[in-house]
Undergrad: 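I have a structure here, written as structure tokens, and I will follow up with some questions on it.
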Protein chains: 2
Amino acid sequence: MEKLTTGRVAQLGGVNLETIRYYERRGLLQKPPRTEAGYRQFSPETAQRLRFIKRAKELGFSLDEIGELLTLRVQPKQKRGDVRTRAEAKIADIENKIETLAAMKTVLRNLVDQCEHCASDDECPILASLDGERSL
Amino acid sequence: MEKLTTGRVAQLGGVNLETIRYYERRGLLQKPPRTEAGYRQFSPETAQRLRFIKRAKELGFSLDEIGELLTLRVQPKQKRGDVRTRAEAKIADIENKIETLAAMKTVLRNLVDQCEHCASDDECPILASLDGERSL
DNA sequence: CTTGACTCCGTACTTAGGTACGGGGTTTAC
DNA sequence: GTAAACCCCGTACCTAAGTACGGAGTCAAG
């Protein structure tokens, strides 16, 4: 059970050291045990958690949403139905994101593959393909 | 060819009116023609563009990246190879996002479906499943 | 046993992406 | 033909998410 210092876990997690303190304050990382001298002692899983947070941000989730995602697994001692409901909502959200991304990808693929004839500057299908008033 | 006012296009695009001006400054919307009195005249496509921008943000793209995506279709008069290269890069990025989201979804699905026995609080697979040091 | 690297903390600053304000002109509906 | 509802612009303000600062304590190597 190797313990990591703040600097080390930040390095492994790919974030700034101050970000660790910030996440602790935000409640995204629970307060770690301390040494005699008051130094934080992190488990290696914390680095993993940091990478997850980072990646989730790149996917458009806010820190609050990420906190939600993390509590879905960290405290499954709540009412089961509640967790279920929230998880289902996240799944739907994620499916929507995947769909939109897939549509974007298709458009870009077409752009690359056969845009020789699409060289004029109006009415390329990129915008239309992702539209449809579907709000999320 | 109905022209839209700033307020109307903002409404249709689902954004604040001030955001229109902001995007114009940022170069995400090109400067529209004006009336005698100096009022902006937008085409309906602008609303579509706004919805695209909004959605792309929710998918974790920065405004700069979104600008990139939009120029990929708005000015295909650049060197073809350049567009191709940038489009390929975006496609790879998007594929990565889709993969990560799909993994997240799977985990949540499992959580919902069979987490009865996963009720203890350590070592749920959610973090591990998305990990692997793969940075983007 | 000291020097350099690391940690602590509170607080202040920064960046991205908007949003609001307010004084002025314009357009539309009575 | 005037009041309400819009629009203009420059500028100031705001929120989320960090990031930096700096004075003080700590740890590890020589």
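In what follows, chains are A, B, ... by sequence order, proteins preceding strands, each numbered from 1. All values below were derived from every heavy atom in this structure, side-chain atoms included, with hydrogens, water molecules and symmetry-related copies excluded.
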Undergrad: Tell me whether the OP1 or OP2 atom of D/dA17 has a side-chain N or O from A/T19 closer than 4.0 Å.
TA: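 No, A/T19 has no side-chain N/O under 4.0 Å of OP1/OP2 on D/dA17.
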Undergrad: What integer distance in Å separates B/L50:CG from C/dG18:P?
TA: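 That distance rounds to 11 Å.
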Undergrad: Rounded to the nearest Å, what distance is computed from the CG atom of residue A/N16 to the C1' atom of nucleotide C/dT7?
TA: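 The answer, rounded to whole Å, is 14 Å.
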Undergrad: May I ask you to say what A/T35 touches in the nucleic acid, namely base, sugar-phosphate or nothing, with a heavy-atom cut-off under 4.0 Å?
TA: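 The answer is nothing, as A/T35 stays clear of every strand by at least 4.0 Å.
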Undergrad: Going by an N to O cut-off under 4.0 Å, is there a salt bridge joining A/R21 and A/E24?
TA: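 Salt bridge: no.
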Undergrad: Using 4.0 Å as the upper bound for N to carboxylate O, is an ion pair formed by A/E68 and A/R86?
TA: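 Salt bridge between A/R86 and A/E68, a charged N being under 4.0 Å from a carboxylate O: yes.
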Undergrad: What is the distance from CD of B/E18 to P of D/dC7, rounded to the nearest Å?
TA: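 Atom CD in B/E18 sits about 11 Å away from atom P in D/dC7.
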Undergrad: Rounding to an integer number of Å, can you tell me how far B/D64 CG sits from C/dT15 C1'?
TA: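 The answer, rounded to whole Å, is 12 Å.
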Undergrad: Assess whether a salt bridge exists between A/E95 and B/K105, defined as any Lys/Arg side-chain N lying under 4.0 Å from an Asp/Glu carboxylate O.
TA: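 So A/E95 pairs with B/K105 through a salt bridge.
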Undergrad: Report the distance from atom CZ of B/R21 to atom P of C/dC21, rounded to the nearest whole Å.
TA: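 Rounded to whole Å, this separation is 14 Å.
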Undergrad: Starting at CD1 of B/I20 and ending at C1' of C/dT19, how long is that distance when rounded to a whole Å?
TA: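 It works out to 13 Å between those atoms.
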Undergrad: Under 4.0 Å between any heavy atoms, over every strand shown, what does B/R26 touch: base, sugar-phosphate, or nothing? Just pick one.
TA: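 Sugar-phosphate only.
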Undergrad: Does a nitrogen or oxygen in the side chain of A/R34 sit under 4.0 Å from OP1 or OP2 of C/dC9?
TA: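 So the side chain of A/R34 is within the cut-off, an N or O lying under 4.0 Å from OP1 or OP2 of C/dC9.
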Undergrad: At less than 4.0 Å, is any side-chain N or O atom of A/R40 found next to OP1 or OP2 of C/dC8? Yes or no.
TA: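 Indeed, a polar side-chain atom of A/R40 lies that close.
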Undergrad: At under 4.0 Å, does any side-chain N or O of B/K57 touch on OP1 or OP2 of C/dA16?
TA: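 Answer is no, no contact under 4.0 Å.
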Undergrad: Whole angstrom is fine here: how far is it from CG in A/L17 over to C1' in D/dT19?
TA: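 Rounded to the whole Å, the gap is 11 Å.
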Undergrad: Could you tell me whether the phosphate oxygens of C/dC8, OP1 or OP2, come under 4.0 Å of any side-chain nitrogen or oxygen in A/T6?
TA: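 Looking at the OP1 and OP2 atoms of C/dC8, one of them is under 4.0 Å from a side-chain N or O of A/T6.
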Undergrad: To the nearest Å, how far apart are B/K54 NZ and C/dG17 P?
TA: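 Checked: the NZ to P distance equals 16 Å.
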Undergrad: Just checking, any donor-acceptor pair under 3.5 angstrom between side chains of A/R8 and A/Q11?
TA: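 A/R8 vs A/Q11: donor-acceptor pair found between side chains.
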Undergrad: Does the side chain of A/T5 come within less than 4.5 Å of A/F42's, by heavy atoms?
TA: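 Not touching, per the 4.5 Å side-chain cut-off.
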Undergrad: Can you see if the side chain of A/Y23 gets near the phosphate of D/dG18 - specifically, an N or O under 4.0 Å from OP1 or OP2?
TA: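 True: A/Y23 side-chain N/O within range (under 4.0 Å) of D/dG18 OP1/OP2.
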Undergrad: Picking from D/dG18, C/dG17, D/dC27, which would you name as closest to the side chain of A/A37?
TA: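 Nucleotide nearest to A/A37's side chain: D/dC27.
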Undergrad: I want to verify a distance call: between D/dT19, D/dC7, C/dT19, whose nearest atom is closest to the B/T5 side chain?
TA: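 Shortest atom-to-atom distance from the side chain points to D/dC7.
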Undergrad: Compare side-chain N and O positions of A/Y39 against OP1 and OP2 of D/dG25 and report whether any pair is under 4.0 Å apart.
TA: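 Checking A/Y39 against D/dG25: no side-chain N or O falls below 4.0 Å of OP1 or OP2.
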